[in-house]
Amino acid sequence: MPVSPKYYSTAVVDAVFVLKHYIDEHPLSRKTVPDLLLQTTIGQNMIRNAFREIVGCTIIHYQLQKRFETAAALLSEERHTIQQVAVICGYRNRLPNFSIDFKKIHGAAPREWCKTDREKSITSREKIKSL
């Protein structure tokens with residue numbers, strides 16, 4: 001459970017939200033955590049700890065969450081294959097790794113997730129038609 005930001009100085013909280021905003025706006029960016037931390041003037045240990053406490057997870061986990069939320073959205077559009085989405089997400093020639101990481105975030109491998117997502121879409125469309 002995230003801790004209230006009141007335990008950190010305004011500068012630290014602001015730095016956390018700068019990082020969070022950057023990740024939110026660039027979910028497919030492959031910047032490393034040290035590269036991200038260069039955007040702040042706060043010490044690395046302080047910002048890592050503050051991020052975990054304020055946001056509720058580590059910077060790397062948050063990056064993965066956002067990357068795979070974007071992957072799920074791309075798969076929902078049904079315009080790209082799983083392999084194409086893997087490449088878009090930076091997993092060129094590493095489809096098994098993409099599947100493993102996708103499953104960590106969504107609880108199902110991409111193929112299973114797509115099947116379930118499509119079934120939900122069909123069910124929703126049928127409910128709308130019946131109205």
Side-chain angles (χ1 to χ4, degrees):
M1 177 182 295
V3 171
S4 171
K6 67 183 177 185
Y7 296 106
Y8 292 100
S9 71
T10 304
V12 172
V13 173
D14 289 347
V16 166
F17 286 108
V18 164
L19 290 177
K20 183 181 177 301
H21 180 74
Y22 179 84
I23 295 167
D24 290 344
E25 294 297 313
H26 304 93
L28 300 178
S29 170
R30 299 298 289 182
K31 280 192 174 186
T32 64
V33 172
D35 288 341
L36 287 172
L37 295 178
L38 291 175
Q39 297 181 37
T40 71
T41 58
I42 309 298
Q44 287 193 15
N45 288 336
M46 172 66 79
I47 195 74
R48 286 175 191 263
N49 291 334
F51 193 96
R52 186 177 338 105
E53 290 182 30
I54 293 169
V55 177
C57 61
T58 65
I59 297 169
I60 287 183
H61 189 264
Y62 191 73
Q63 281 181 303
L64 276 176
Q65 270 183 287
K66 291 300 170 181
R67 182 172 299 128
F68 286 100
E69 284 175 14
T70 302
L74 290 169
L75 291 170
S76 289
E77 292 173 0
E78 299 181 18
R79 293 186 345 212
H80 304 285
T81 66
I82 293 170
Q83 188 162 8
Q84 289 170 330
V85 172
V87 170
I88 291 168
C89 291
Y91 286 80
R92 189 173 186 195
N93 300 322
R94 296 186 334 221
L95 188 58
N97 295 29
F98 174 78
S99 293
I100 290 166
D101 289 346
F102 189 96
K103 188 172 184 173
K104 284 179 189 174
I105 300 299
H106 292 291
R111 193 169 315 281
E112 297 163 10
W113 188 91
C114 286
K115 183 179 176 189
T116 304
D117 186 58
R118 287 185 186 118
E119 288 170 359
K120 287 179 189 174
S121 294
I122 291 168
T123 302
S124 295
R125 283 188 290 243
E126 288 172 354
K127 285 181 182 179
I128 291 171
K129 284 181 183 178
S130 68
L131 295 176

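These numbers were taken from a predicted model, which means no experiment stands behind them.
Between V12 and I47, the closest heavy-atom pair is O-CD1, 4.1 Å. The shortest non-hydrogen separation linking H80 to L75 is O-CD2, 4.3 Å. Considering all non-hydrogen atoms of both residues, V55 and K20 come closest at CG2-CD, 4.1 Å. Nearest heavy-atom pair across L36 and L19 is O-CD2, 3.2 Å. In plain terms, the two heavy atoms of A71 and F102 that are nearest each other are CB-CE1, 4.2 Å. What you find for C57 and Q65 is that their closest heavy atoms are SG-OE1, 3.5 Å.
C89 contributes atom SG, which lies 10.5 Å from atom CG of L64 (distance to the nearest 0.5 angstrom). The distance from atom OG1 of T58 to atom CG of N49, rounded to the nearest 0.5 Å, is 11.0 Å. Taken to the nearest 0.5 Å, the CD1 atom of I23 stands 6.5 Å off from the CD1 atom of I59. Here the CG-CG distance, from L37 to N45, works out to 9.5 Å after rounding to the nearest 0.5 Å.
In this structure, a donor-acceptor pair under 3.5 Å is present between the side chains of Y8 and E53. A side-chain donor-acceptor contact under 3.5 Å links D24 and Y62.
Checking side-chain atoms of Q63 against main-chain N and O of K31 turns up a donor-acceptor pair under 3.5 Å. Looking at R67, its side chain does come within 3.5 Å of a backbone N or O of S29 through a donor-acceptor pair.
Of the residues listed (F98, F68, W113), the one engaging H106 in a ring-ring contact (aromatic ring centres under 6.0 Å, His included) is W113, and it is the only one.
The environment of CG in L28 is crowded: more than 12 heavy-atom neighbours from other residues, nucleotides or ligands sit within 6.0 Å. No more than 12 heavy atoms of other residues, nucleotides or ligands sit less than 6.0 Å from atom CD of Q83. The 12-atom threshold is not exceeded at CZ of R79, counting heavy atoms of other residues, nucleotides or ligands nearer than 6.0 Å. Atom CZ of R94 has more than 12 neighbouring heavy atoms from other residues, nucleotides or ligands inside a 6.0 Å radius.
Using a 4.0 Å cut-off between charged nitrogen and carboxylate oxygen, K66 and E69 count as a salt-bridge pair.
Transitive grouping of hydrophobic side chains (ILVMFWY, heavy atoms separated by less than 4.5 Å) brings F51 and I54 into a common cluster. I42 and V18 are not part of a single hydrophobic cluster, where members link through side-chain heavy atoms under 4.5 Å apart. Residues V85 and V87 do not share a hydrophobic cluster, defined by chaining ILVMFWY side chains whose heavy atoms lie under 4.5 Å apart.
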